[in-house]
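Read through the structure below, which is laid out as structure tokens, and then see the notes.
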Amino acid sequence: MRFLILLITVLLVRFTPLRAGIHPDPVAAWADYSAGVAERRAGWQALLCLLLPLIPLELAFWALADVANGVFVLVLGVLVLLLGLGSTSRVYGASRRFEQAWARGDCEAAALIAEHDLAVRADDDNDLLAQVRGRLLWAALAGYFVPVLWFLLLGPLGALGYRLLRLFVDRLPAESQGYAGSLVHAMEWLPARLLVASFALVGHFDRVFESLRGVWSDWDKAPESLLMTAADAALSGGAEPEPDAPVLAATRDLLLRAMLAWAVPVALLALLG
């Protein structure tokens with residue numbers, strides 16, 4: 001059932017307007033409300049408020065399990081997973097506009113796009129390009145890989161729970177994140193390393209492992225830094241890009257190959273039951 005839910009969701013995100021997410025977004029709205037609660041009641045009370053919607057959803061899955069041969073569970077599972085994935089179309093759209101400005105040689109326009117749409121600022125062109133590449137990698141991790149892993153482990157509520165926590169933490173100052181920040185870090189720790197391992201499999205294997213020697217098990221290592229280091233190593237030593245290729249094309253190709261590397265074992269596990 002989980003594989004079927006995931007397959008339908010991927011097809012909807014790929015071939016329908018749902019790639020832009022569900023609007024209005026109830027998950028973002030609830031995260032906003034819970035962040036407001038956290039301003040008045042910080043700690044476990046705000047966290048409990050944030051995760052409260054998962055209880056009725058779990059009861060709904062339980063009640064619908066034997067109804068209509070599981071059709072309603074399938075529909076509900078797809079809906080919840082769509083909410084758990086959210087949308088990364090804004091980031092990918094902004095990265096395309098950034099590439100177009102960069103290709104024209106208009107670095108000032110590229111910097112404005114990066115600052116306005118991607119919240120990226122840099123002192124020089126090389127740093128700007130590196131940070132935009134990092135933003136693209138982070139969007140893939142938080143928008144696809146982390147929710148999918150927790151969906152496979154815990155079902156649709158695992159993906160939704162992660163997105164609720166991620167949005168909630170993003171709305172809080174660092175000193176107020178508390179338990180929620182620690183929980184988000186824990187949920188991202190394993191998927192980030194699995195994604196890095198995927199980069200090694202589909203890129204330059206030896207250089208990825210050499211570049212991350214000693215940090216694989218580092219609990220405090222930020223996922224963004226880990227991904228950027230691994231992606232640079234995976235892409236090093238490969239074929240030279242075509243002169244007219246978009247500046248972020250190699251990063252997109254790497255992410256696509258990594259997604260395929262995840263898809264194969266998931267499909268095999270589904271076939272084996």
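For the single chain, residues carry numbers from 1 onward in sequence order. Just so it is clear, the structure is predicted and the values come from calculations on it, not from any experiment.
- Between Leu118 and Ile113, every side-chain heavy-atom pair lies at or beyond the 4.5 Å cut-off.
- Under the 4.5 Å side-chain heavy-atom criterion for Ile, Leu, Val, Met, Phe, Trp and Tyr, Phe205 and Leu256 are members of distinct hydrophobic clusters.
- Side-chain atoms of Leu47 and Leu50, non-hydrogen and from C-beta on, do get closer than 4.5 Å to each other.
- Taken from CG in Leu165 to OG in Ser182, the straight-line distance is 11.0 Å, to the nearest 0.5 Å.
- Linking ILVMFWY side-chain heavy atoms closer than 4.5 Å, directly or via other members, places Leu112 and Leu129 in two distinct hydrophobic clusters.
- For the pair Arg193 and Trp216, the tightest heavy-atom approach, listed with the atom from each and the gap, is NE-O, 2.5 Å.
- Under the 4.5 Å side-chain criterion, counting only non-hydrogen atoms from C-beta, Leu18 is in contact with Ile22.
- Between Met187 and Val146, the shortest heavy-atom contact is O-CG1, 3.8 Å.
- Taken from CG in Leu183 to CG in Leu51, the straight-line distance is 7.5 Å, to the nearest 0.5 Å.
- The side-chain heavy atoms of Arg135 and Val91, taken from C-beta on, include a pair separated by under 4.5 Å.
- Residue pairs meeting the salt bridge (Lys or Arg N to Asp or Glu O under 4.0 Å) criterion with at least one member in residues 97-111, sequence neighbours excluded, are Arg96-Glu99, Arg97-Asp117, Glu99-Arg252.
- A salt bridge between Glu210 and Arg207 is absent, with no side-chain N of the basic residue lying under 4.0 Å from a carboxylate O of the acidic one.
- Using a 4.5 Å cut-off on side-chain heavy atoms (C-beta onward), Val132 and Val247 make no contact.
- Looking only at distances, no side-chain donor or acceptor of Arg133 sits under 3.5 Å from a matching main-chain atom of Met228.
- Look at Arg257 and Asp253 and you find no salt bridge, because none of the NZ, NE, NH1 or NH2 atoms lies under 4.0 Å from a carboxylate O.
- The two residues Leu74 and Met1 have their closest heavy-atom pair at CD1-SD, 3.9 Å.
- We find the OG1-CZ distance between Thr229 and Phe199 to be 11.0 Å, quoted to the nearest 0.5 Å.
- With ring centers used as reference points, Phe168 lies 6.0 Å or more from Trp30.
- Between Trp219 and His185, the angle of the ring planes goes over 60°, which puts this pair in the perpendicular group of the 30/60° scheme.
- Taking 4.5 Å as the limit, every side-chain heavy atom of Phe145 sits out of range of all side-chain heavy atoms of Ser198.
- Looking only at side-chain heavy atoms (C-beta outward), Leu164 and Leu54 come within less than 4.5 Å of each other.
- Under a cut-off of 6.0 angstrom, the local environment of CG in Asp124 is crowded, with over 12 non-hydrogen atoms contributed by other residues, nucleotides or ligands.
- Atom CG of Leu248 is separated from atom OG of Ser95 by 6.0 Å, given to the nearest 0.5 angstrom.
- Interatomic distance, Met259 CE to Leu254 CG, rounded to the nearest 0.5 Å: 10.5 Å.
- Under the 4.5 Å side-chain heavy-atom criterion for Ile, Leu, Val, Met, Phe, Trp and Tyr, Val75 and Phe3 are members of distinct hydrophobic clusters.
- At least one side-chain heavy atom of Tyr92 sits less than 4.5 Å from a side-chain heavy atom of Leu136.
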